[in-house]
Amino acid sequence: MKPSIPTGTRDFSPGDVRRRQYILKTISTVFELYGYQPLETPSMENLTTLMGKYGDEGDRLIFKILNNGLNNPVKAEKTRAAFENVLTGKNDPNLTERALRYDLTIPFARYVVMHQNDLALPFRRYQMQPVWRADSPQRGRYREFWQCDADVVGSNSLINEAELLAIYREAFNRLGVPGIQVKINSRKILAGLAECCGAPELMADITVAIDKLDKIGMEGVEKELLERGLTEEQIRFITSYLAIKGDTGAQLAEMASLLAGSDMAQRGITELQDTIALHNQLKNKDWDSQLVVDFTLARGLSYYTGIITEVSTTAVKMGSIGGGGRYDDLTGLFGLKGLSGVGISFGIDRIYDVMTELNLYPDTLATSTKVIFVNIEAEAAPAILGYVARLRQAGIASEYYPDKAKFDKQMKYADKRNIPFVGIVGSDELAASVITLKDMRNGEQKKLNAAEIVDFLSKAQ
RNA sequence: GAGGCUAUAGCUCAGUUGGUUAGAGCGUCGGAUUGUGGUUCCGAAGGUCGCGGGUUCGAGACCCGUUAGCCUCCCCA
């Protein structure tokens with residue numbers, strides 16, 4: 001049988017894992033700097049927790065888990081009825097009642113409601129775990145991928161928004177990803193647009209269409225709006241909305257006058273202005289990313305209500321590598337009303353792909369073991385095991401090639417593993433109680449005793 | 001859900017209008033070299049040409065079906 005892995009998943013070899021851990025470590029360090037605490041939730045949730053939270057398309061993409069014990073003859077009738085139910089496109093708990101998590105936000109909301117009595121609000125948490133989507137894979141899209149979320153619940157302050165934007169910029173600055181654009185918009189402005197053109201019920205259709213502006217152009221957007229049931233007059237209004245350009249201040253002022261008829265939109269504009277002003281107090285001059293207002297930014301998830309944000313890079317052709325926003329009543333879905341939240345997410349797999357394509361990792365990630373002792377003289381085993389024990393005690397990663405093999409083969413092994421030093425203890429060295437230490441990068445060799453080798457390798461790069 | 005492309009050695013791929021026994025590079029193993037890696041040189045192993053059917057004297061190639069993978073749209077990180 002030819003081994004394979006499911007579509008849209010991948011193996012990560014040792015070097016890959018080091019690169020991914022570097023990304024995760026960099027981001028978690030920034031999260032911690034901003035006071036966020038780690039959280040983990042189960043890979044699977046009850047299906048009822050997830051269904052209906054991500055829109056129709058989202059529901060379709062949830063990976064469901066088949067119940068165990070379906071072959072139980074006692075339940076055969078129920079199971080058959082459940083299967084009929086599923087054939088009509090519904091879910092049935094007699095067939096499936098659990099699913100793999102689709103994102104980290106809904107499980108977090110579920111967690112907050114379940115642990116509300118133990119939490120000190122406002123509660124800031126970060127979470128770095130895989131999520132699963134039953135989507136058909138393509139470039140930058142996987143069925144299993146990692147997200148890295150930071151959310152805060154129990155605070156309405158825009159300081160949170162301003163800080164989360166700062167987290168994006170700080171993290172991508174530390175990772176050294178070029179061409180980063182952090183785009184922001186407000187759901188309230190989008191709602192105001194729908195309101196002002198007299199089609200509040202078509203807000204979703206309008207946002208989906210205008211979100212594609214940079215992809216399909218103004219004509220494409222107009223065509224799509226028409227198909228989605230907007231009138232010519234409404235489309236003209238949306239066109240004038242999309243035509244607003246210039247620097248941030250001017251754009252916001254112009255938008256305020258265009259959407260003068262909507263209180264909702266005015267609130268959204270004020271929130272954007274305030275968020276940017278707060279962010280400007282926090283920002284670091286060294287960050288070379290851009291914070292840009294983008295009125296076409298929509299974002300799919302239906303639960304957002306305030307500021308929304310999305311991150312992309314101009315350096316590589318790739319979809320968004322992060323996104324987030326405010327959701328006023330997320331926990332309300334689970335019975336806890338009046339708790340507002342705001343959060344962001346880093347798409348680790350896309351960030352990893354971008355950084356791999358641009359080769360943005362520090363060289364130091366490659367090294368692991370510092371010295372390997374070759375196995376050429378069986379009698380030397382006790383002495384060498386003593387050496388590696390001392391080296392490890394001193395914090396130096398050391399190995400002893402476990403099998404007696406040809407010298408040549410062991411040297412090739414050390415070379416392939418990129419191990420910088422090789423320790424040689426044959427009969428001569430054993431008799432003299434020394435180690436011949438070879439630096440694989442320049443070929444130089446020297447004889448050291450046990451104390452000297454610990455000292456030397458502690459200092460050696 | 002709609003459309004396009006691909007499937008040949010462990011990996012990446014070549015294979016001429018259909019013509020003898022299926023090719024390369026990389027990797028693996030052995031040797032040059034039983035106490036010295038990277039660079040060389042020699043040799044070896046490794047194939048149901050995705051699967052099933054059809055056309056043909058003859059199919060890796062052409063046709064039909066099927067499965068899987070990749071890509072685009074939709075949507076998303």
Side-chain angles (χ1 to χ4, degrees), chain A residues 1-11 13 23 54-62 89 101-105 128-149 168 204 207-209 211-212 215-216 220 224 227-228 297-302 309-313 317-324 343-354 372-377 380 401 404-430 435-445:
Chain A
M1 163 204 167
K2 189 166 180 159
S4 63
I5 54 174
T7 311
T9 65
R10 17 183 206 178
D11 285 325
S13 297
I23 296 171
Y54 308 108
D56 292 344
E57 180 78 3
D59 283 355
R60 224 166 45 78
L61 301 181
I62 292 171
R101 76 166 96 75
Y102 179 89
D103 73 353
L104 301 178
T105 307
M128 311 198 294
Q129 292 186 281
V131 303
W132 294 269
R133 295 185 189 178
D135 210 347
S136 104
Q138 48 186 278
R139 179 182 164 87
R141 179 181 299 181
Y142 303 95
R143 285 187 161 170
E144 177 183 66
F145 61 98
W146 280 61
Q147 288 190 330
C148 236
D149 280 28
Y168 264 148
T207 54
V208 167
D211 192 37
K212 297 178 192 165
K215 250 187 193 173
I216 59 179
E224 179 144 353
E227 284 165 5
R228 287 174 181 268
L297 178 64
R299 291 197 55 72
L301 293 175
S302 45
T309 178
E310 195 162 287
V311 184
S312 57
T313 171
K317 185 176 176 288
M318 180 68 72
S320 65
I321 54 180
I344 56 170
S345 178
F346 288 78
I348 295 306
D349 284 77
R350 285 187 178 174
I351 294 168
Y352 168 76
D353 288 352
V354 166
I372 184 166
F373 286 82
V374 291
N375 189 332
I376 50 169
E377 172 55 66
Y401 194 91
K404 190 161 184 287
K406 289 178 68 175
F407 206 123
D408 169 72
K409 184 178 173 175
Q410 298 188 52
M411 292 299 282
K412 279 188 172 144
Y413 179 78
D415 184 57
K416 197 167 183 179
R417 287 274 312 278
N418 219 351
I419 297 172
F421 293 97
V422 172
I424 301 158
V425 183
S427 48
D428 296 352
E429 287 88 352
L430 192 59
I435 301 138
T436 298
L437 187 69
K438 174 162 183 163
D439 185 330
M440 294 293 276
R441 291 158 302 185
N442 55 24
E444 282 171 17
Q445 294 190 185

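As the structure is a prediction and not an experimental result, all values here were calculated from the model. So that the names make sense, note that chain A is the first sequence line, chain B the second, and so on, each numbered from 1.
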Between the side chains of Thr436(A) and Glu429(A), does any donor sit under 3.5 Å from an acceptor?
-> yes
Can you sort out the partners of Phe407(A) under ring-ring contact (aromatic ring centres under 6.0 Å, His included), two or more places apart, ordered by chain and number?
-> none
Non-neighbouring partners of Phe145(A) that pass ring-ring contact (aromatic ring centres under 6.0 Å, His included), sequence neighbours left out | none
For Lys412(A) and U28(B), is the shortest distance between a side-chain N/O and OP1 or OP2 below 4.0 Å?
-> no
Between protein and nucleotides 33-36 of chain B, what N or O pairs are separated by less than 3.5 Å?
unit_1: G35(B); atom_1: O6; unit_2: Ser427(A); atom_2: N; d: 3.4
unit_1: G35(B); atom_1: O6; unit_2: Glu429(A); atom_2: OE1; d: 3.3
unit_1: G35(B); atom_1: N1; unit_2: Glu429(A); atom_2: OE1; d: 3.0
unit_1: G35(B); atom_1: N1; unit_2: Glu429(A); atom_2: OE2; d: 3.2
unit_1: G35(B); atom_1: N2; unit_2: Glu429(A); atom_2: OE2; d: 2.8
unit_1: U36(B); atom_1: O2; unit_2: Lys438(A); atom_2: NZ; d: 2.9
unit_1: U36(B); atom_1: O2; unit_2: Gln445(A); atom_2: OE1; d: 3.1
unit_1: U36(B); atom_1: N3; unit_2: Gln445(A); atom_2: OE1; d: 2.6
unit_1: U36(B); atom_1: O4; unit_2: Gln445(A); atom_2: NE2; d: 3.2

Any N/O donor-acceptor pair, Asp415(A) side-chain to G37(B) base, under 3.5 Å = yes
Measure from the ring centre of Tyr413(A) to the centre of the six-membered ring in the base of G37(B), then say whether that distance is under 5.5 Å and the planes meet at under 30°.
-> no
Under 4.0 Å between a side-chain N or O of Gln138(A) and OP1 or OP2 of U72(B)?
-> yes
List for me each residue that meets side-chain hydrogen bond (donor to acceptor under 3.5 Å, both in side chains) alongside Asp439(A), sequence neighbours excluded, and say none if there are none.
-> Arg441(A)
Has the side chain of Arg350(A) got a donor or acceptor atom sitting under 3.5 Å from an opposite partner on the base of C76(B)?
-> yes
Does RNA chain B take part in any stems of at least 3 consecutive Watson-Crick or G-U pairs (both distances under 3.5 Å), and if so, which ones?
-> B:1-7 with B:67-73, B:10-13 with B:23-26, B:28-32 with B:40-44, B:50-54 with B:62-66
ring-ring contact (aromatic ring centres under 6.0 Å, His included) partners for Tyr352(A), two or more places apart = Phe12(A)
